[in-house]
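Each chain gets a letter, A, B and so on, in the order the sequences are listed, and its residues count up from 1.
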2 protein chains.
Amino acid sequence: MSREKESPITISTQALERMPYYLQYLKQLQKEGVTAVASPAIAADLTLNEVQVRKDLAAVSTSKGKPKAGFVIEDLIYNMEDILGYHNVKDAVLAGAGFLGRALLSYKDFDNSGMHIVAAFDTDNAVVGSEICGKKVLSADKLSSMCRRLNIHIGIITVPKDQAQTVCDQMVAGGILAIWNFAPIHLSAPDNILVRNENMTASLAILSKHLQEKIKHT
Amino acid sequence: MSREKESPITISTQALERMPYYLQYLKQLQKEGVTAVASPAIAADLTLNEVQVRKDLAAVSTSKGKPKAGFVIEDLIYNMEDILGYHNVKDAVLAGAGFLGRALLSYKDFDNSGMHIVAAFDTDNAVVGSEICGKKVLSADKLSSMCRRLNIHIGIITVPKDQAQTVCDQMVAGGILAIWNFAPIHLSAPDNILVRNENMTASLAILSKHLQEKIKHT
DNA sequence: ATAATATCGATATCCAGATACTGATATAAA
DNA sequence: TTTATATCAGTATCTGGATATCGATATTAT
């Protein structure tokens with residue numbers, strides 16, 4: 001019984017994953033001039049459960065929701081962005097300037113999420129030295145030292161799968177604390193490093209299975 | 001109480017999502033000349049729970065695992081690919097030939113997953129008519145009829161978020177049954193359509209939060 | 001042949017998260 | 001001012017999935 005709650009309010013991983021959805025939705029509403037919104041409405045629009053929405057909002061909102069009126073959108077947005085750490089800029093590096101890497105380098109939404117990709121790294125001399133979407137592509141062997149020197153803590157891996165572990169190790173060596181891995185392979189990293197796998201093969205599996213059953217039953 | 005179990009063995013969504021991981025790992029082992037493997041070894045290598053691995057394997061394997069020896073890799077691979085429907089080709093269309101769209105068009109791994117992107121669609125006349133990675137880029141207004149005509153059931157959405165719902169509707173009209181959505185927005189579609197969101201903003205949220213706490217605690 | 005051991009399948013327990021329910025309360029209408 | 005109602009917050013229940021446990025069994029070593 002030695003385990004203790006560290007923080008008074010905990011927010012579940014799933015709820016956290018839903019936040020950007022809410023955020024996008026709330027910003028849209030705001031743009032349309034709406035100033036307040038209630039859980040049932042959100043639930044209906046995003047096809048979620050009403051109670052779930054209410055709990056999610058309660059978990060992040062500083063102000064309370066009012067019966068009949070709901071929540072103030074502006075406050076909600078602020079609270080969510082705050083929880084998600086969108087208000088302070090986090091520098092990141094990207095390894096692998098292929099198509100996927102470029103896609104991420106050009107992704108505008110990162111800016112409003114507080115993530116800023118500082119530079120890209122690649123082993124291919126043909127791209128090293130060039131610029132993609134205003135970001136320099138540097139030689140891969142500089143990755144580690146660069147991270148260290150600029151105190152960067154997020155690494156994005158978009159290299160082919162046989163290079164992914166090497167890059168991962170370099171990132172860890174460079175002091176990276178969170179890795180966003182797009183390579184379809186399991187990375188081993190120390191426990192204190194967060195590895196988030198953007199698992200396209202997993203998604204494909206779900207689609208594939210679903211379709212298979214759908215068609216079989218017809 | 002009119003609901004009945006259709007298939008005797010059900011496989012959970014999470015387990016399904018893990019399958020490509022196992023698959024990748026098993027193929028790697030196979031390439032190294034290994035012919036059999038046991039759950040504890042897999043668990044150790046992929047940092048999963050031993051029991052979980054065993055249950056996952058049991059869920060898909062036709063042959064049983066033997067104590068001390070484990071499972072035959074070749075059989076496992078076959079069974080998994082079969083469950084995931086990798087053995088029959090599923091045609092797909094892609095809407096939005098931007099960076100992300102190109103990344104997916106060039107993604108080789110889809111081929112061994114039974115997914116075949118037939119063509120891409122875009123509204124931009126500058127790219128319409130061109131070819132990307134051997135795939136034709138066609139005018140967006142042909143999307144619906146094309147799907148219908150070629151009997152295509154998978155749609156991939158990589159357009160900007162303000163066009164995503166329109167594209168989604170076109171796909172549904174064209175008889176698409178499963179949608180892989182990369183736009184950071186909630187799509188509304190009929191219940192019988194599977195919408196899988198590749199939720200990069202959600203991943204970013206997790207990373208962001210983690211990092212925030214990590215740095216705060218230091 | 002027998003004993004030791006790794007791994008298996010099956011059953012039981014535990015936990016996180018989703019959903020349902022209940023009483024309280026702020027707004028709006030009568 | 002009173003009544004009706006939508007929505008809230010909080011508590012309770014349910015469910016799926018992850019983990020732990022245990023007896024059974026195939027292989028290996030003695």
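Rounded to a whole Å, the CD atom of B/Q52 is 14 Å from the C1' atom of C/dC15. A/E17 places its CD atom 10 Å from the P atom of C/dG17, with the value rounded to the nearest Å. Residue A/D56 contributes atom CG, which lies 15 Å from atom C1' of D/dC8 at whole-angstrom precision. Taking atom CG of B/L76 as the reference point, atom P of C/dC8 lies 10 Å away to the nearest angstrom. Between A/K64 atom NZ and C/dA26 atom P there is a gap of 10 Å when expressed in whole angstrom units. One can place CD of A/Q14 at 12 Å from C1' of D/dG16, the figure rounded to the nearest angstrom. Between B/L57 atom CG and C/dT7 atom P there is a gap of 13 Å when expressed in whole angstrom units. Summarising the geometry, the separation between CD on B/E50 and C1' on D/dG17 is reported as 18 Å, rounded to the nearest angstrom.
Between A/E17 and B/K209, none of the side-chain N atoms (NZ, or NE/NH1/NH2) sits under 4.0 Å from a carboxylate O, so this pair counts as no salt bridge. Ion pair A/E74/A/K27 not flagged as a salt bridge, since none of the NZ, NE, NH1 or NH2 atoms sits closer than 4.0 Å to an Asp/Glu carboxylate oxygen.
When distances are taken from the side chain of B/F71 to each of C/dG17, C/dG9, C/dA12, the shortest belongs to C/dG9. Listed nucleotides C/dC21, C/dG17, D/dA26 differ in distance to A/S12; the shortest reach to its side chain belongs to C/dG17. Distances from the side chain of A/N49 to the nucleotides D/dT7, C/dA12, C/dT19 place C/dT19 closest. Picking from D/dA18, C/dA6, C/dG17 the nucleotide with the shortest atom distance to the side chain of B/P67 gives C/dA6.
Side-chain contact annotation: B/Y25 with B/D45, donor-acceptor N/O pair under 3.5 Å present.
Residues A/K55 and A/K66 both approach DNA chain D. Their nearest nucleotides, taken by heavy-atom distance, put A/K66 toward the 5′ side. Where A/V51 and B/V51 each meet DNA chain C at their nearest nucleotide, the meeting point lying more 5' is that of B/V51.
Among the atoms of the strands shown, only primed sugar atoms or phosphate atoms (P, OP1, OP2) are found under 4.0 Å from some heavy atom of B/A38.
Listed pair A/T13 / C/dA16 fails the phosphate criterion, with no side-chain N or O lying under 4.0 Å from OP1 or OP2. Regarding contacts with the backbone of C/dA18, every side-chain N or O of A/R54 stays at 4.0 angstrom or more from both OP1 and OP2.
One cannot find a donor-acceptor pair under 3.5 Å joining the base of D/dT28 and the side-chain atoms of B/K68.
Side chain of A/Q212 to backbone of B/L84: no donor-acceptor contact under 3.5 angstrom is found.
Here the CG atom belonging to B/D169 is positioned 7.0 Å from the OG atom belonging to B/S188, to the nearest 0.5 angstrom.
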